[in-house]
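Chain letters run A, B, ... following the sequence lines, proteins first and then strands; every chain starts at 1. Nothing here was measured: the structure is a model prediction, and the numbers come from that model.
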Amino acid sequence: MNYDFKSIEKKWQQKWVEEKSFKAIDFHPTKPKYYVLYEFYNISGNLHMGHLKGTVPADALARFKRFKGYNVLFPIGGDAFGLPAENAAIKTGIAPADFVEAGMKKVLSQSQALGLSFDYDRTICTSSPDYYKWTQWIFLQLLKHGKAYKKKGVVNFCPNCQTTLSNEDSQGGKCDRCGGDVVQKERWVWFLKMKEYSQKLLGNVDRINMAENLKEAQRNWIGRSEGMEVSLDLYADSGEKLGKVEIFTTCIETIYGMTFVVLAPEHEYVEKFKDNIKNYDEVVAYKQKTALRSEFDRKSNLKEKTGCKVEGLYVVNPVNNAKIPVYLADFVLAGYGTGAVMAVPTHDQRDFDFAKEFNIPMIQVIEGDVSKQAVEKKEYLAKNSKLLNSAEFSGMKVLDAKKKIADKLEKMGAGKRVVNYAMGDWPFNRQRYWGEPFPVVFCDHCGTVPLDEKDLPLVLPKTKDYLPNEKGDSPLSKVESFVHCKCPKCGRDAVRETDTMPNWAGSSWYWLRYCDPHNDNALADFEKLKYWGSVDCYTGGTEHITRHVLYAFFWQNFLYEIGAVPTRDPFIRKMGSGLILDDQGKKMSKSSANGVSPLEVIDKYGADAARLHLHFLGGYEDNTPWTYDGITGITAFLDRVWGLQDIIKGEEVSKEHRIELNKLIKKVTEDIEDLKLNTIISALMIFMKKVREDGFITKEELRSFLILLNPLAPHITSEVFERVFKTQILDEKWPEYDEKYLVDDQVDLPVQINGKMKQVVKVKRDISQEDLLKFLSENYKALYNGEELKKVIYVPNRILNLIK
RNA sequence: GCCGGUGUGGCGGAAUGGCAGACGCAUGGGACUUAAAAUCCCAAGUUCGAAAGGGCGUGUGGGUUCGACCCCCACCACCGGCACCA
């Protein structure tokens, strides 16, 4: 009888859905909870190979935990606001909501075809009003608690898409949407005060269980650095004191070497002191030029410094009262530190290059050869070099001087030690149609007024025009009935905010909603949030590690602080799945990762085979090149699983298989927690080999074997189990292993002579060294014949090494 | 430039101080078959040797150890993150 995967897989998939086999129970009276989360689907089209890579291990873990007696929450949903729906609307005219509805249906049925054990009753979709009601509610809380503000700011802007982008959306200077170059533009922007949470986010990063390379990526992105903020008095050439320039430096030890100060081109003083700036036209021209420069342009000419001297202003170095000229240059970023730096050309290569370009004098303040290039921080700190030309600090070692100079400045009141973060506030509005509307109105009389919470959701109106207007305003600005409204406060005519929230908004809290997906009175019931707690294991791609995951940390911290959720950490553990690569034109070059759909594999070989094959190719966190090569090994294995029905002999675990089975249980139990599906499959194959060699399997052995394989290949195991045992595999418990059956009475002991492997001998378990040597001298004279030994290393049951 | 990760047969990959290359693919041989497919069995790191057996082998060079893919030092390559970050 052959295994007919088509009908059997379908049978089980229907059964699971109809019977709601994987329903998570709120407040289960006896079972402990376990929350497994897979990054919800971006609703764009069909599931692809990456989904197979990400979902199956999560599914296996969920199924394993259920066998282990946990009440498992394993939900799924759709991240639906965003580009695919909007692009489809622009291109084909299909309403985004319809696109999303069809897309959701598709991915859910495809999930079922993969045999994924989601609780489909908890499915959510970020673009449905009963969900985004709470995204809007969170925004109102942010606004209420002063964590959201609107200001004219310089932001990343994509000229092609006509919209504002966050730093996270324009990594590498490229638009995340269209791949085009991003420019800097001044606009009205809603910001969320994410920077304020930098240190807390680092705390989340420290606490989460996650691969080191991912943690590093996040720490780099947050970009903590310790330094000093120093106030320099600013004067006009006339001698009139205008104010103070605040600079940030991590190298306070070089302050005596400061020969100029550089402001970011966007620095407010350009505008503020324009009457004192003698070459104002030139300064403004430079400012405009830099704004148009793309990131790409800036980065491709790092050595070439551009800048502009600001004539008519100077600052004073507080430690020695030296007069210091002021420049504008685009190497200083408005968003980092104070947007102003002290420049020390002798000890910073960038300043060195700038000084050469603009003929600015240099003062060496730390020993070393600065004739050709700067002696930088890394070098002088490592050597702990001595200071020069630094008044009372001359001759002092750098590490010491760093502290003393900082102390002096603090005592003078001219500086303070600060910590800076590279991560900025989150620009939170987009000039797009398909997103959450902001629940605020602008009233001439009352200013910016938030909607009342009870008026949420503010529903996104229907339209047929999905393009921004010629001024770059959101498509919503064209929907008159939406724009015009009454002020909630005074009742006068007012207008709505017409920008929408970024596509990351809905995904920044969705794991909370799964705990209570249909609640109309809160984002989720607090007691339910408490019950399900943090996500125990969160799987998904690594490409969102510096965006979505950081946003998630940010919102969870905020919600925790306002008492809306019971925990500061959204996730206890995060597993980043590797990528599926195409095969680099080797043998089967016709297929590429993008070209092969998991549905195609399911159609040809079945869902179980597709699940096993992809995960046999490599570990969860590794990148795996996709190939059909080797899938026959998997299908042959599944056929043999099917064939086990025909060789059942005996009831209890047999003597012949007891050790193999116990080892297998141990291996699978341990590796499944780490999502190491490849070694699990290998272990199952080894057991299969043994059973087939012996020509039989007992019923108890088969029971355990099927349960162990079930998380990976749920369909075939459910069917074989039902046929053999007449009951359901889902009602079973995970098999336990017994330590005492992990080892045989006889062990294969490797024997080394002088550290070199010679032979493996079969000896009694735990044999004493004395007996072992006696045994060898009697049976293995070539290895040892009783001669004098310099040394014997014997690790019982592991190794014997004779030093002659 | 700074930071993190990875480096093992023809290929995907096992092994985290104790028999390197498990498991699988591809390959070669055999059985079954009119034949092929499927299935089953056997072989296989490389090199010298008829064989027995020996040499060499986990990116490179050194070190620690009775013993190193594994730990330490230096270097190389690849992948990823950040980057005119003050």
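- Atom CD1 of A/I680 and atom CG of A/L664 lie 9.5 Å apart (nearest 0.5 Å).
- For the pair A/K378 NZ and B/rC3 C1', the interatomic distance rounds to 11 Å; values are reported in whole Å.
- Taking a pair to require two hydrogen-bonding distances under 3.5 Å in either a Watson-Crick or a G-U wobble arrangement, B/rA74 pairs with B/rU60.
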Scan nucleotides 39-48 of chain B against the protein and return all N/O pairs shorter than 3.5 Å with their distances rounded to 0.1 Å.
{"unit_1": "B/rC40", "atom_1": "OP1", "unit_2": "A/R640", "atom_2": "NE", "d": "2.9"}
{"unit_1": "B/rC40", "atom_1": "OP1", "unit_2": "A/R640", "atom_2": "NH2", "d": "2.7"}
{"unit_1": "B/rC40", "atom_1": "OP1", "unit_2": "A/R692", "atom_2": "NH2", "d": "3.2"}
{"unit_1": "B/rC40", "atom_1": "OP2", "unit_2": "A/R640", "atom_2": "NH2", "d": "3.2"}

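- Between the C1' atom of B/rA52 and the CD atom of A/Q759 lies a distance of 14 Å, rounded to the nearest Å.
- A/K756 has its NZ atom 9 Å from the P atom of B/rG57, to the nearest Å.
- When the nucleotides B/rG24, B/rA86, B/rC19 are ranked by their closest atom to the side chain of A/P750, B/rC19 comes out on top.
- Between the CG atom of A/D353 and the C1' atom of B/rC84 there is a distance of 9 Å, rounded to whole Å.
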Report all interatomic pairs (protein N or O, nucleotide N or O of nucleotides 13-17 of chain B) with separations under 3.5 Å.
{"unit_1": "B/rG13", "atom_1": "O5'", "unit_2": "A/L617", "atom_2": "O", "d": "3.4"}
{"unit_1": "B/rA14", "atom_1": "OP1", "unit_2": "A/N678", "atom_2": "ND2", "d": "3.0"}

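- Contacts of A/N213 with the nucleic acid, taken as non-hydrogen atoms under 4.0 Å apart, involve only primed sugar atoms and P, OP1 or OP2.
- Electrostatic pairing of A/E660 and A/K663 does not count as a salt bridge here, judged by no charged N lying under 4.0 Å from a carboxylate O.
- For A/T259, there are no side-chain hydrogen bond (donor to acceptor under 3.5 Å, both in side chains) partners two or more places apart in sequence or in a different chain.
- Side-chain N or O atoms of A/E376 include one that pairs as donor or acceptor with a backbone N or O of A/Q349 at under 3.5 Å.
- Considering only the side chain of A/N220, B/rC82 comes nearest among B/rG18, B/rC82, B/rG5.
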Full working for side chain to side chain contact (heavy atoms under 4.5 Å, CB included) between A/L263 and A/V332: CA-CA 6 Å; A/L263 309 183; A/V332 175; over 6 Å; no
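- Here the options are A/Y605, A/W626, A/Y628, the test is ring-ring contact (aromatic ring centres under 6.0 Å, His included), and the partner is A/H613; only A/W626 passes.
- Distance noted for atom P between B/rG12 and B/rG59: 14 Å (whole Å).
- Among the heavy atoms of the strands, none lies under 4.0 Å from A/K215.
- When each of A/E216 and A/K758 is assigned the nucleotide of RNA chain B bearing its nearest heavy atom, the one mapping closer to the 5' terminus is A/E216.
- Partner A/E39 forms a salt bridge (charged side-chain N to carboxylate O under 4.0 Å, His left out) with one of A/R547, A/K574, A/K53 and no other, that one being A/K574.
- Only the C1' atoms considered, B/rC23 is 7 Å distant from B/rA14, to the nearest whole Å.
- The partner of B/rA26 is absent, by the rule that a Watson-Crick or G-U pair needs both atom distances under 3.5 Å.
- Base pairing of B/rA31 is made with B/rU39, judged by Watson-Crick or G-U wobble geometry with both donor-acceptor distances under 3.5 Å.
- Distance check on atom P: B/rA26 versus B/rA38 gives 9 Å, rounded to whole Å.
- Heavy atoms of other residues, nucleotides or ligands lying less than 6.0 angstrom from NZ of A/K287 number more than 12.
- The number of heavy atoms from other shown groups lying within 6.0 Å of NZ (A/K790) does not exceed 12.
- Residues A/T250 and A/K377 have side chains that bring a donor and an acceptor to within less than 3.5 angstrom of each other.
- Within 6.0 Å of the NZ atom in A/K604, the count of heavy atoms belonging to other residues, nucleotides or ligands exceeds 12.
- Distance CH2 (A/W221) to P (B/rC85): 15 Å, rounded to an integer number of Å.
- Look at B/rU46: its Watson-Crick or wobble partner, with both distances under 3.5 angstrom, is B/rG55.
- For the ring-ring contact (aromatic ring centres under 6.0 Å, His included) test with A/F260, the passing option among A/F354, A/F352, A/F358 is A/F354; the others fail.
- Taking a 6.0 Å sphere around CD of A/E770, one finds it holds 12 or fewer heavy atoms contributed by other residues, nucleotides or ligands.
- A/M423 places its CE atom 14 Å from the C1' atom of B/rC85, with the value rounded to the nearest Å.
- Taking atom P in both B/rU16 and B/rC71, the straight-line distance is 11 Å, to the nearest Å.
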Contact pattern, 5' to 3', of nucleotides 61-70 of chain B - B, S or - by protein heavy atom under 4.0 Å: -----B----
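- For the C1' atoms, the distance linking B/rU6 with B/rC70 amounts to 14 Å, nearest Å.
- Rounded to a whole angstrom, the distance from the P atom of B/rG24 to that of B/rC78 is 35 Å.
- The side chain to side chain contact (heavy atoms under 4.5 Å, CB included) test applied to A/Y421 returns A/S198, A/Q199, A/L202, A/I222, A/R224, A/V419, not counting sequence neighbours.
- Comparing B/rG28 with B/rU64, their C1' atoms are spaced 44 Å from each other, to the whole Å.
- Computed from coordinates, the A/M258 CE to B/rA86 P distance equals 16 Å when rounded to whole Å.
- For B/rG59, the glycosidic angle deviates from 0 by more than 90°, giving an anti base.
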Audit row: A/V691, A/I647, side chain to side chain contact (heavy atoms under 4.5 Å, CB included) steps and yes/no: CA-CA 9 Å; A/V691 160; A/I647 59 166; 3.9 Å; yes
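- Between A/M342 atom CE and B/rA86 atom P the separation is 12 Å, expressed in whole Å.
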Side chain to side chain contact (heavy atoms under 4.5 Å, CB included) between A/V549 and A/L214, worked out: CA-CA 11 Å; A/V549 177; A/L214 301 181; over 6 Å; no
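- With a cut-off of 3.5 Å on both pairing distances, B/rA15 has no Watson-Crick or G-U wobble partner at all.
- Contact check of residues 245-252 of chain A against RNA chain B (heavy atom, cut-off under 4.0 Å) returns A/F248, A/T249, A/T250, A/C251.
- Among the protein residues, A/K790 comes within range of no part of the nucleic acid, since none of its heavy atoms lies under 4.0 Å from any strand.
- Put simply, A/R350 has a side-chain N or O that comes within less than 4.0 Å of OP1 or OP2 on B/rC85.
- Separation of the P atoms belonging to B/rG10 and B/rG18 is 25 Å when rounded to the nearest angstrom.
- In this structure, B/rC2 forms a base pair with B/rG81, meeting either the Watson-Crick or the G-U wobble geometry with both donor-acceptor distances under 3.5 Å.
- With respect to A/K416 and A/E229, a salt bridge is recorded, a charged nitrogen being found less than 4.0 Å from a carboxylate O.
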